[in-house]
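Residue numbers run from 1 in the order of the sequence given.
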Amino acid sequence: MAAQFRSTEALIDALADASFDRPPALVSNAHVTGLGVARALDAHDVPVIALDRPGDGGVGEGGDPGADGTRRHDGLAPPSDAVDFAGAVTYPLDDLDGFREDVEAIVDAIGREAVAFGCMDEWALAYAEADPEGVRLPFAGIDALDDVLNKSELYATCEALGVPYPETYRLEETADAATGDPAPDAALDEAAEALGFPLVVKPELKRDFEEAFGTNVLEVADRDELSDAVAAAREEGIAVMAQKRVDIATGKDHSLASYVPPSGVGDALAVVGNAAVRYPQQFGTSCLVETADEPEIEARALSVLDDAGYHGISEAEFVYDDDRGEFLLLDVNTRPWKWISMPVAAGANLPMAAYAAVTDAEYESTGVEPTRWVYLRDYLSLLAGDDAFWDRLSADDWRRLVAGDFEREGTLTTGVYRPSDPGPAAKLFETEFVDRDYYCSC
């Protein structure tokens, strides 16, 4: 367990006094997703260094580190027994060069190369763009990342491959800001007439859009709201598209969780997960995910990744459109995500497969078994606050959860709570009931 979350300087000093018999993993961020990756790697004795930006404020006023170099940080990964060291680095969206310098100084203190795992878009892209010396990337370079993350390119690929996706129009009004090759499809009024209201405004590249608008998608109710959203995007220099608001069947969202090695999709390690329950139910994040047998989803997702030349960990998200009666590819995340520990528990340790591909370590899956994953914080909130929701867990599931037996028997795993590694759950209780924000649920 990382005894504390250190300032960059204190972390470098601590690492200089440590020794590693194999390349450590640099895991960013240090929250739920980072925790899942850390636990997956620690199961194979890979040392983990959790890196994140410091929390608002700190030990002293203004966010200054304490006398021993500690920083306040509300993330759940540092208290885990799976994390060996944890500390702050410059946030890449604020200063990419500063981020590169911090990571290179950390690697220099380690005394050997390290393997990077970016667990949110900004971190994965930062490792690829900054390309710090001494850091091995277990995923494709920035060009392949952009081909997958760029919605214009993604949907053009879907069109060419015959993979269903939501009806979408690239808008002429922001075409000057576009970075993808596909030409605009329609002007604002044409798109509105074709799609009807409400509709969804989506960015070509979501990272700049999220910084500007605080979200990666906007739902607009009428022509005026659409015009305002597009004008704001144009002002920010962000290309956007109008997309049909899909009548999504609740509980039928599916994703392909996969690791594609450099040798290609023929050697992919993959599991389909069904986001059976979200919190909030209609539009929230996953809180109960189950393995599913959907070979068509697997084939379609892998065909898109193959076309883009992408290798690495990814989640390809599909929603079920009741009107069309089929699954539509909505998005591809080229990184680990919140329920990454589900495929790990099912028998497909995607982080370890990625680590092994760029080191001397070995990993081979022994097969995938039916598995369910629950994020208890959100699941219990749903049970307590939504009278229409019926519990999907059995009495035996709850008994195993309370007793801790789920870690040794049954088909259920968790996002944070594990009696064998109690620090993260204890930290979650602390951040949940004190008067400060916990800025990221992933």
Going by atom types only, do [X] and [Y] share a side-chain donor-acceptor pair under 3.5 Å?
X      : Y      : value
Ser28  : Asp52  : no
Thr174 : Arg234 : no
Glu204 : Thr179 : yes
Thr285 : Lys338 : yes
Asp95  : Thr90  : no
Thr33  : Trp337 : no
Lys202 : Tyr155 : yes
Glu129 : Tyr127 : no

Sort and list the pairs that fulfil salt bridge (Lys or Arg N to Asp or Glu O under 4.0 Å) and have at least one residue in residues 299-323, not counting sequence neighbours. Glu296-Arg300

Which residues pass the side-chain contact (heavy atoms from CB on, under 4.5 Å) test with Val220, sequence neighbours left out? Phe197, Leu199, Val201, Glu225, Leu226, Ala229

Backbone of Ala40 reached by a side-chain donor or acceptor of Asn349 within 3.5 Å: yes

Examine distances only and state if a side-chain atom of Glu153 and a backbone atom of Val148 form a donor-acceptor pair shorter than 3.5 Å. no

What side-chain donor-acceptor pairs closer than 3.5 Å can you find for residues 385-393, not counting sequence neighbours?
from   : atom 1 : to     : atom 2 : distance (Å)
Asp386 : OD1    : Ala388 : N      : 3.0
Asp386 : OD2    : Gln281 : NE2    : 3.0
Asp391 : OD1    : Tyr379 : OH     : 2.5
Asp391 : OD1    : Leu393 : N      : 2.9
Asp391 : OD2    : Trp398 : NE1    : 2.7

Is any side-chain heavy atom of Tyr259 closer than 4.5 Å to one of Phe139? no

I need the Asp360 CG to Arg22 CZ distance, nearest 0.5 Å. 9.5 Å

Do Phe406 and Tyr417 have their ring centres less than 6.0 Å from each other? yes

Full working for side chain to side chain donor-acceptor pair (under 3.5 Å) between Tyr165 and Glu167: CA-CA 7 Å; Tyr165 64 97; Glu167 184 179 358; over 6 Å; no

